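Every value quoted in this text rests on a predicted model; they were computed, and no experiment measured them. Every number for a ligand or one of its atoms is a count from 1 in the order of the listing.
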Amino acid sequence: MAKDNQNLLARDKAHLIHPLHNPSIHETGRVWAKGEAATLTDADGKEYIDGLSGLWNVLVGHGRRELAEVAARQMETLPYCSGYAGSTNRPAIELAERLAAITFPSINRFFFTSGGGEASESSFKTARYYWKLRGKPKKTKVISRQWGYHGVTLAAMSATGISTYWPMFEPRVPGFIHIPSPYPYRYQAPPEDRGTVSQGVAAANELERAILREGPDTVAMFLAEPVQGAGGVIVPQDDYFPRIREICNKYEVLLVADEVITGFGRTVRLFGLQHWNVQPDIMLFAKAVTSGYFPFGGIGVSEEIGKVMDTGKMVWMHAYTYSGHPVGCMVALRNLDIIERENLVDQAAKKGSYLLDKLRRSLSGHPHVGEVRGLGMMIGIELVCDKASKSEYSPEEKIGIKIHAAAQERGMFSRLRGDVFLIAPPIVITQEQLDRVVEIMGESIVAVLGS
Ligand SMILES: Cc1ncc(COP(=O)(O)O)c(C=O)c1O
């Protein structure tokens, strides 16, 4: 393959604006030319392990011919049709039926979008609409959590709890409130809960306190990822979500699960909240629903919300041109076939526990590895300046960025949240590649921080 990376990057710089546009990071950017299973190849022909499955989405791995074929056939037959009321298509109907069968028993009706941010917006608007029709028009506020990521459209950005996304676009949308993350490694309960309840219950009680502070009649919904992803792979305590469900029931606040990363098997259940037997009122999905082969997402709502929507009292004036796109729906259906046929959820369980275990054994003794954590094929490695105090490096030291560069040099490409290194490869990753991920992480940490 020609050595094209630098040439293409120079042309890229002249006309392209990138998500999280950052000229200095882009300087050493890779131009991706090919993907095959869990391997990416750049325009110079160098191979990398796809350490984050693209952006957590390429669950079934790259290069699946059957997904390309099903998309091509649908494009030949009916490339597009409106999904607005009065118009529908067979693939959309079949996908909604399929999702109703495999998601939570509570979730039965589906609205499709082009991705996760649109799904977040759809949940905010649906929650407000629902409460208006239920005669509680003041219930409009959205509570979400620090380190939550829900997209970057203005309202989704306002729900996102990673504060670096805010300053250049503020003011944020009013009525979006954040509570602390349950973050087992760092969460400190307030005095009233310290020593009296578990850490998970104390973190969930933050929701109750926020609802009471804001006034229960003003809160529409609580939005949470079952495992916080972009915020650093934060796995909650087992008693966290059951207590959250109780609080939501008590104050009539809709529980909205953002399953955009956790959906379709990555955490070794098809959906993340299934780990704790908790059912949401609304769920968001995107990413792995099509394994990234087509931009797609959506929300699922409870039958109760569906019934209120069916009263027809007030048209739900919410819509996207590409809602129910027949090509996206066909790709999603075939992608779900692959997940089932190849038992990818079981594979995620086996490979995820192997990888987490091996990373823990090989890295936990390092003086700057604070925590290696994860669930299934979602793993976070948190680097700290001082292990005893868990103090963080100053951002100017750019430790995470340096480790990312060292890993890239050694043949793995992934992402970070500050000094938390994120790992979530495609489930089809090979045994040899899993072992290589561990080696690369060990070598990269030592190269940047010493042994
Ligand atoms: C949990 C979660 N929700 C929502 C989104 C937003 O999705 P999109 O980038 O498709 O708008 C993301 C994207 O990473 C996500 O991780």
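A donor-acceptor contact shorter than 3.5 Å links the side chain of D50 to the backbone of G54.
Heavy-atom contacts of E225 reach the following atoms of ligand 1: 1 (C) (cutoff under 4.0 Å). Residue contact check: I261 has heavy atoms under 4.0 Å from atoms 16 (O) of ligand 1. Against a heavy-atom cut-off of under 4.0 Å, G115 is close to the following atoms of ligand 1: 10 (O). For ligand 1 and G151, the ligand atoms under 4.0 Å from any heavy atom of the residue are 4 (C), 5 (C), 6 (C). Atoms of ligand 1 found under 4.0 Å from any heavy atom of G116, numbered from 1 in the order shown, are 6 (C), 7 (O), 8 (P), 10 (O), 11 (O).
Ligand 1 has at least one atom lying under 4.0 Å from a heavy atom of D258. Residue E259 places every heavy atom at 4.0 Å or more from ligand 1.
Counting heavy atoms under 4.0 Å from ligand 1, residue K287 touches it through the side chain alone. Here H150 has backbone heavy atoms under 4.0 Å from ligand 1, and that is the only part of it that gets that close.
Annotation: K350, atom NZ; neighbour count of heavy atoms from other residues, nucleotides and ligands within 6.0 Å does not exceed 12. Counting heavy-atom neighbours within 6.0 Å of Y393 OH, excluding the residue itself, gives a total above 12.
In this structure, K287 is not positioned above the aromatic face of F264 in the sense of NZ or CZ being under 6.0 Å from the six-membered ring centre and within 45° of the axis. A cation-pi arrangement is present between R417 and W147, with the terminal nitrogen or guanidinium carbon under 6.0 Å from the aromatic centre and inside a 45° cone about the axis.
Closest to atom 11 (O) of ligand 1 among all protein heavy atoms lies G117 N, 2.7 Å. Atom 2 (C) of ligand 1 has its closest protein heavy atom at Y149 O, 3.2 Å.
Between the side chains of T41 and E36, no donor-acceptor pair is found at a separation under 3.5 Å.
H325 and F294 have tilted rings, their planes meeting at an angle from 30° to 60° on a 0 to 90° scale.
Remark: K307 does not engage E304 in a salt bridge, criterion side-chain N to carboxylate O under 4.0 Å.
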